[in-house]
Amino acid sequence: MKVKVVNNSGNEMPRYATAGAAGMDLRADLKDDVVLKPMERKLIPTGLRIELPVGFEAQIRPRSGLALKHGITVLNTPGTIDADYRGEIGVILINLGDEEFTIKNGERICQMVIARHETAEIVEVEELGTTDRGEGGFGHTGTGEIKG
C-alpha cells in the first residue's frame, strides 16, 4: 500500500526501523525546545500531512522507551487519523514522570501504525442476543472484584 506524505518538517520521512516493525516513528517539528513539566500535556507538531486510502486509519501510539525511561506517553492512545483528514499530524504528549522532560526538534515522539478498519452499519433493535457472559464486565471473569 502506498501512503502519500507531505513533509514540511525538515526531518526525515517516517519509516519502519526494522523489517518486522508494525509502527514507524514520527518526529517533533519544533522551532524551539518544548519543556513538559510533570502532569503537563502539550500538542506537539510533526510537520507531516498524510493521505490514506479509504478503509484505513493511522493510529498514533506511545514509544515504549519514552514511557519507561521518562513517563512520556500519548494522552489519547491510540490517537486516530482518519482517511479523509488532510491537516498536520499533531501528537498530544503528557509527562507522567516526576521530572521535567525536554522535547527537541527531530526527536522521535510516537509511533504511527497504519491499520485497516471496517465501516459499520448501525441497526437499532429492541434487544440483543444472549451469551454466557451476559452483562458481566470490569474484571467479572476474575475474582469477582472490580479492580480500578
Side-chain angles (χ1 to χ4, degrees), residues 1-125 128-129 131 133 135-142 146-148:
M1 166 193 6
K2 293 183 190 261
V3 174
K4 296 177 182 176
V5 177
V6 173
N7 184 354
N8 293 320
S9 72
N11 294 317
E12 65 183 79
M13 290 287 280
R15 62 181 177 81
Y16 297 99
T18 66
M24 55 189 98
D25 291 331
L26 300 188
R27 297 174 182 272
D29 179 33
L30 302 171
K31 290 182 177 92
D32 299 306
D33 292 352
V34 171
V35 175
L36 274 179
K37 297 176 183 164
M39 296 309 295
E40 186 176 31
R41 65 185 178 272
K42 290 187 179 173
L43 181 63
I44 307 299
T46 64
L48 302 173
R49 297 183 300 123
I50 63 174
E51 182 177 328
L52 294 167
V54 172
F56 288 84
E57 66 165 326
Q59 298 175 2
I60 303 301
R61 300 179 181 182
R63 293 192 69 244
S64 58
L66 282 179
L68 177 63
K69 295 174 187 171
H70 305 286
I72 305 299
T73 192
V74 177
L75 188 56
N76 61 323
T77 298
T80 297
I81 301 168
D82 296 307
D84 58 353
Y85 178 67
R86 295 295 184 268
E88 180 179 3
I89 298 172
V91 181
I92 305 169
L93 292 183
I94 187 166
N95 183 353
L96 298 176
D98 296 329
E99 299 177 8
E100 288 185 352
F101 182 79
T102 301
I103 303 164
K104 298 182 177 301
N105 184 55
E107 184 162 0
R108 297 177 298 159
I109 57 171
C110 68
Q111 294 186 74
M112 180 172 70
V113 174
I114 308 295
R116 184 181 302 274
H117 72 83
E118 296 293 328
T119 300
E121 178 184 347
I122 303 300
V123 179
E124 185 174 3
V125 297
L128 303 175
T131 66
R133 180 177 181 172
E135 295 182 22
F138 300 102
H140 145 235
T141 58
I146 296 176
K147 298 181 177 162

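In this text the structure is predicted, and so the values were computed from the model without any measurement.
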Next on the checklist: Under the side chain to side chain donor-acceptor pair (under 3.5 Å) definition, can you give me all pairs with a residue in residues 68-86, not counting sequence neighbours?
Outcome noted: Glu57-Thr80
Item to check | side chain to side chain donor-acceptor pair (under 3.5 Å) contacts in which one or both residues fall within residues 18-38, not counting sequence neighbours | outcome: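 Residue pairs with at least one partner in residues 18-38: Asp25-Arg63, Asp25-Arg108, Asp33-Lys104.
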Next on the checklist: Suppose we screen for salt bridge (Lys or Arg N to Asp or Glu O under 4.0 Å). Which residues come up paired with Arg15, at least two apart in sequence or across chains?
Outcome noted: Glu12
Checklist outcome for this item: salt bridge (Lys or Arg N to Asp or Glu O under 4.0 Å) filter on Glu40, not counting sequence neighbours, yields Lys42
Item to check | With Ser9 via side chain to side chain donor-acceptor pair (under 3.5 Å) - residues at least two apart | outcome: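 Asn7.
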Minimum heavy-atom distance [X]-[Y], with the two atoms named:
X: Gln59; Y: Ala115; value: NE2-CB, 3.8 Å
X: Pro53; Y: Ala83; value: O-CB, 3.6 Å
X: Gly23; Y: Gln111; value: CA-OE1, 3.7 Å
X: Ala28; Y: Ile103; value: CB-CG2, 3.8 Å

Item to check | Chi angles and distances behind the side-chain contact (heavy atoms from CB on, under 4.5 Å) call for Met112, Leu48 | outcome: CA-CA 12 Å; Met112 180 172 70; Leu48 302 173; 5.9 Å; no
Next on the checklist: Once rounded to the nearest 0.5 Å, what's the spacing between atom CZ of Arg41 and atom CE of Met39?
Outcome noted: 9.0 Å
Checklist entry - Out of curiosity, Leu52 CG to Ile81 CD1, how far, rounded to the nearest 0.5 Å? => result 7.0 Å
Item to check | Residue list, side chain to side chain contact (heavy atoms under 4.5 Å, CB included) with Val35, at least two apart or on another chain | outcome: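 Once residues adjacent in sequence are excluded, the partners of Val35 under the side chain to side chain contact (heavy atoms under 4.5 Å, CB included) criterion are Glu100, Thr102.
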Item to check | Test side chain to side chain contact (heavy atoms under 4.5 Å, CB included) applied to Val54 - qualifying residues, sequence neighbours left out | outcome: none
Next on the checklist: Give me each pair satisfying ring-ring contact (aromatic ring centres under 6.0 Å, His included) with a member in residues 32-67, each pair once, sequence neighbours excluded.
Outcome noted: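 Found none.
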Next on the checklist: Does anything in residues 26-48 form a ring-ring contact (aromatic ring centres under 6.0 Å, His included)? List the pairs, not counting sequence neighbours.
Outcome noted: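 Listed once each, the pairs would be none.
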Item to check | Side-chain donor/acceptor of Asn11 to backbone N/O of Asn105, under 3.5 Å | outcome: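 The answer is no, because no donor-acceptor pair under 3.5 Å joins these two groups.
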Which pairs of donor and acceptor atoms, one on a side chain in residues 88-98, lie under 3.5 Å apart (sequence neighbours left out)?
residue : atom : partner : partner atom : Å
Glu88   : OE2  : Thr46   : N            : 3.2
Glu88   : OE2  : Gly47   : N            : 2.6
Asn95   : OD1  : Gly97   : N            : 2.7
Asn95   : ND2  : Leu36   : O            : 2.9
Asn95   : ND2  : Glu99   : O            : 2.8

